[in-house]
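By convention here, the first residue in the shown sequence is residue 1. Both counts, for ligands and for their atoms, begin at 1 and track the order of listing.
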Amino acid sequence: MRKIISVVFGLGLAVSFASPTFPVDYEQARAEMVKTQISSRGVKSERVLKAMRDVPRHLFVPPEYRNLAYADGPLSIGHSQTISQPYIVAFMTEAADLKPTDKVLEIGTGSGYQTAVLSELVDKVYSIEILEPLAKSAEERLHRLGCKNAVVKCGDGYKGWPEYAPYDAIMVTAAPEDIPTALVNQLKDGGVMIVPVGSYYQHLYKVTKKSGMIHKEILLPVRFVPMVRGVDLDIR
Ligand code: SAH
């Protein structure tokens, strides 16, 4: 009997947690997320912590996952893609050493969440998404939320966005097997690229360019969706 009660209770909790009508104080959930998942794991930049507290992550996830938006993990955004774990977004953003005057290129717009976090911290964000429906919905979402300094285009991130190069920072949120040469070429001297590299086993790299020389540092083992090639999707 006790077992039945606990199963029923457990189911009730699961249903109410997943239900979009369950009342959640999103601002409080966000503050809690920053405290327990991000600063507790060592992210120190006040600017990054503030951006993570300010961007309404629940508006970047599908409505059925809204109440899980501040949980400690990635979530599906459809099209077999994910919005990254909040800690990883904060960690990568801090690692990029961003300044308010920076021009940033992002590869893999997805939901547009990382784009929005970046846009709080820099002057201008250019973001490329290879899947048309995601590029379109992220662009609309960012516009709706009043994000005025970010632009999204549908295209192949392996080529970068040469029209606006060079960039102070490049943030790659899908994993290529090797660091893409075009992106290195579009990085400003003194610039930083944060990129997960590998197929099954991946590492997050911090790539810096100084006096034309490239320096690579491994930061963390990670797991990102693969960075696909435009030719595989017939996007050129
Ligand atoms: N930064 C995103 C996470 C996106 S997941 C967020 O905050 O929600 C990675 C995204 O990279 C996916 O949307 C995927 O479609 C996209 N992607 C994969 N290969 C790509 C490529 N070659 N160029 C641009 N985007 C790519």
Below 4.0 Å from any atom of ligand 1, is there a heavy atom belonging to [X]?
| X | answer |
| --- | --- |
| Pro226 | yes |
| Thr109 | yes |
| His79 | no |
| Gly155 | yes |

**Asked** Which is closest to atom 13 (O) of ligand 1 in terms of heavy atoms, Lys153, Glu129, Glu106?
**Response**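 Among Lys153, Glu129, Glu106, the closest heavy atom to atom 13 (O) of ligand 1 belongs to Glu129.
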
**Prompt:** Nearest to atom 4 (C) of ligand 1 by heavy atom, Val61, Thr82, Ile83: which?
**Reply:** Thr82

**Asked** What protein heavy atom sits nearest atom 12 (C) of ligand 1, and how far away is it?
**Response** Gln81 OE1, 3.3 Å

**Request:** Around atom 20 (C) of ligand 1, find the nearest protein heavy atom and jot down its residue, atom name and distance.
**Result:**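 Nearest protein contact, heavy atoms only, for atom 20 (C) of ligand 1 is Ile130 CG2, 3.7 Å.
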
**Distance-only N or O hit between ligand 1 and Val228, under 3.5 Å** = yes

**Request:** Please determine if Gly157 has a nitrogen or oxygen closer than 3.5 Å to a nitrogen or oxygen of ligand 1.
**Result:** yes

**Within 45° cone of Tyr201 ring axis and under 6.0 Å: Arg223 NZ or CZ** = no

**Request:** Identify the two heavy atoms, one from Met92 and one from Val172, that lie closest to each other, and give their separation to 0.1 Å.
**Result:** CE-O, 3.3 Å

